[in-house]
Amino acid sequence: MRALLVVNPAATTTSARTRDVLIHALASEMKLDAVTTEYRGHARDLARRAADSDDVDLVVALGGDGTVNEVVNGLLHRGPDPDRLPRLAVVPGGSTNVFARALGLPNDAVEATGAILDALTGRRSRTVGLGLAAGTPGTEDEAVPPRWFTFCAGFGFDAGVVGRVEQQRERGKRSTHALYLRQVVRQLLGDPHRRHGTITLERPGHDPVRDLVLSIVCNTSPWTYLGNRPVYASPEASFDTALDVLALSRLSTPAVARYATQLLTSTPERGPHGKDAVTLHDQTDFALHSKVPLPFQMDGDHLGLRTSVTFTGVRRALGVIV
């Protein structure tokens, strides 16, 4: 087997020594080319070349969810073809590692590497569904190119929080759960649209759902983690189905307290619920439109402001080693 290992040197939870150990372990079992990323988008470019080659069987992403997202978009740059494309393996090296943990991998890089090698020996893999987000035809965002996401996307409030966190990290702050919670409070205080939503959800064959404040699109469950605690925005979301949606029409102070408590106490059987919550399961095609530009994020990566995004849930998109 020939494999490409894509290494993000800025991965927050792996040292240079740990990376050397992992590379040695993988190289002992396969013909391995290890490449360290040098710029934003480099992981995508490396995976694209691997997808276009005829001799790469496996691409291993060593990094956080952002690195994994880039690799996935490189592999699928011509579209999904799980029977032809190299399979993906993920060694978690970020601060949260939602995709890897949702696959059932250990959150420790060394242990995850061992699990991947065991899976390769046992020829264990699965084909997962992914989400695709693109600009909506006929809108000012129609030229935005399609982009795949592995576990979630957000339009509105939660994407604003992600943007604030990224700004703090650019200033040298460490990515911690306390940092996220502080930015949630600041976004809440500074969001002019939290009481009167501007988002409309449209899907074929149904009436539009208007005046939404935030919308979270999930491709799997849990939605994220606070330390070791999983948080379930859409408990039914799965890699085996299309996309799930949690949207809220109100973020008054009492509503924030209620839904924040529900998220923190959510379980695989029960997520946020109530008169202001809209929940949809296994959605293949839908669009989100806003009267004003709002923040947009995918897999924890802030992508700027958008007024409209079209989503597609694609089952059986990519083969993954687990």
Side-chain angles (χ1 to χ4, degrees), residues 64-66 69 95-96 98-99 102 131 133 147 149-169 175-201 209 211-226 229-235 237 243-253 255-264 266 271-274 276-280 283 286 288-290 292-309 311:
D65 289 310
N69 181 277
S95 58
T96 310
V98 177
F99 182 63
R147 179 164 168 170
F149 60 96
T150 64
F151 64 91
C152 84
F155 190 42
F157 183 88
D158 83 297
V161 174
V162 170
R164 287 176 180 270
V165 169
E166 287 192 5
Q167 289 177 353
Q168 294 299 311
R169 293 187 66 182
S175 178
T176 63
H177 300 298
L179 175 63
Y180 274 89
L181 292 174
R182 286 196 300 271
Q183 301 316 310
V184 167
V185 174
R186 290 174 181 172
Q187 180 69 18
L188 183 65
L189 296 175
D191 190 338
H193 308 295
R194 69 184 182 92
R195 292 183 181 275
H196 304 286
T198 66
I199 301 171
T200 296
L201 186 154
V209 182
D211 301 326
L212 301 171
V213 177
L214 67 78
S215 51
I216 297 171
V217 182
C218 292
N219 184 52
T220 189
S221 186
W223 166 51
T224 190
Y225 290 83
L226 288 177
R229 178 191 290 273
V231 180
Y232 300 90
S234 297
L243 302 173
D244 283 28
V245 180
L246 168 67
L248 298 179
S249 60
R250 189 176 182 84
L251 277 182
S252 62
T253 301
V256 168
R258 180 168 62 254
Y259 292 116
T261 300
Q262 290 180 357
L263 279 171
L264 291 173
S266 58
H273 54 277
D276 302 316
V278 176
T279 57
L280 302 174
Q283 301 297 302
F286 60 94
L288 297 170
H289 311 284
S290 175
V292 299
L294 293 178
F296 179 59
Q297 67 88 10
M298 293 201 307
D299 287 348
D301 187 9
H302 187 265
L303 300 178
L305 302 178
R306 302 280 178 86
T307 57
S308 185
V309 187
F311 291 90

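When a residue number appears, it is its place in the shown sequence, counting from 1.
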List in chain and number order the residues that pass side chain to side chain contact (heavy atoms under 4.5 Å, CB included) with Q168, two or more places apart in sequence or in another chain; answer none if no residue qualifies. R171, K173, L179, Q183, R186

Please check: side-chain N/O of N219 versus main-chain N/O of T150, any donor-acceptor pairing under 3.5 Å? yes

Where do V98 and P222 come nearest, in terms of heavy atoms and distance? CG1-O, 4.0 Å

Distance-only, no hydrogens or angles: does the D65 side chain make a donor-acceptor pair with backbone N or O of F99 under 3.5 Å? yes

Do W223 and L263 have side-chain heavy atoms sitting under 4.5 Å apart? yes

Any donor-acceptor pair under 3.5 Å from H302 side chain to G300 backbone: no

What are the two closest non-hydrogen atoms of P295 and L305, and how far apart are they? N-CD2, 3.5 Å

Restricting to non-hydrogen atoms, name the atom on H289 and the atom on F155 that form the minimum distance, rounded to 0.1 Å. C-CE2, 4.3 Å

Between the CG atom in N69 and the CZ atom in R147, the distance rounded to the nearest 0.5 Å is 4.5 Å

Derivation and outcome, side chain to side chain contact (heavy atoms under 4.5 Å, CB included), residues L246 and S234: CA-CA 6 Å; L246 168 67; S234 297; 4.0 Å; yes

Does L243 reach the side chain of F286, with side-chain heavy atoms less than 4.5 Å apart? yes

Are side-chain heavy atoms of M298 and V309 found at a separation under 4.5 Å? no

Ring geometry between F149 and F311 (parallel below 30°, tilted from 30 to 60°, perpendicular above 60°): perpendicular

Ignoring hydrogens and angles, tell me if any N or O in the side chain of D299 forms a donor-acceptor pair with the backbone of F151 under 3.5 Å. yes

Taking S249 as the fixed residue, which of V278, L212, V213 is the one that meets the side-chain contact (heavy atoms from CB on, under 4.5 Å) rule? L212

What I'd like to find out is whether the side chain of P293 reaches to under 4.5 Å of the side chain of T307, using heavy atoms alone. yes

Separation between CG (D276) and CG (L248), nearest 0.5 Å, reads 7.5 Å

Which distance, rounded to the nearest 0.5 Å, do you find between the OG of S308 and the CG of L294? 11.0 Å

Could you check if a side-chain atom of L201 sits within less than 4.5 angstrom of a side-chain atom of L280, using non-hydrogen atoms only? yes

Listed by chain and number, what are the side-chain hydrogen bond (donor to acceptor under 3.5 Å, both in side chains) partners of Q262, not counting sequence neighbours? none

Steps toward side chain to side chain contact (heavy atoms under 4.5 Å, CB included) verdict (V161, Q297): CA-CA 10 Å; V161 174; Q297 67 88 10; over 6 Å; no

Heavy-atom pair of closest approach, residues A159 and G154: CB-O, 3.5 Å

Would you check if T198 and S290 make a side-chain contact, meaning some heavy-atom pair closer than 4.5 Å? yes

Could you state the interatomic distance from CG (D244) to CD (Q283), rounded to the nearest 0.5 Å? 7.5 Å

Under a 4.5 Å cut-off applied to non-hydrogen side-chain atoms, are L264 and L226 in contact? yes

Of all the heavy-atom pairs spanning S266 and G271, show the shortest one and how long it is. CB-CA, 4.2 Å

Could you give the distance from OG1 (T220) to OH (Y232), rounded to the nearest 0.5 Å? 10.0 Å

Could you pull out the closest heavy-atom pair between Y259 and A277, with the gap in Å? OH-N, 3.5 Å

Please list, chain by chain and in numerical order, all residues satisfying side-chain hydrogen bond (donor to acceptor under 3.5 Å, both in side chains) with S215, sequence neighbours excluded. none

May I ask you to test the R258-P272 pair for a side-chain heavy-atom distance under 4.5 Å? no

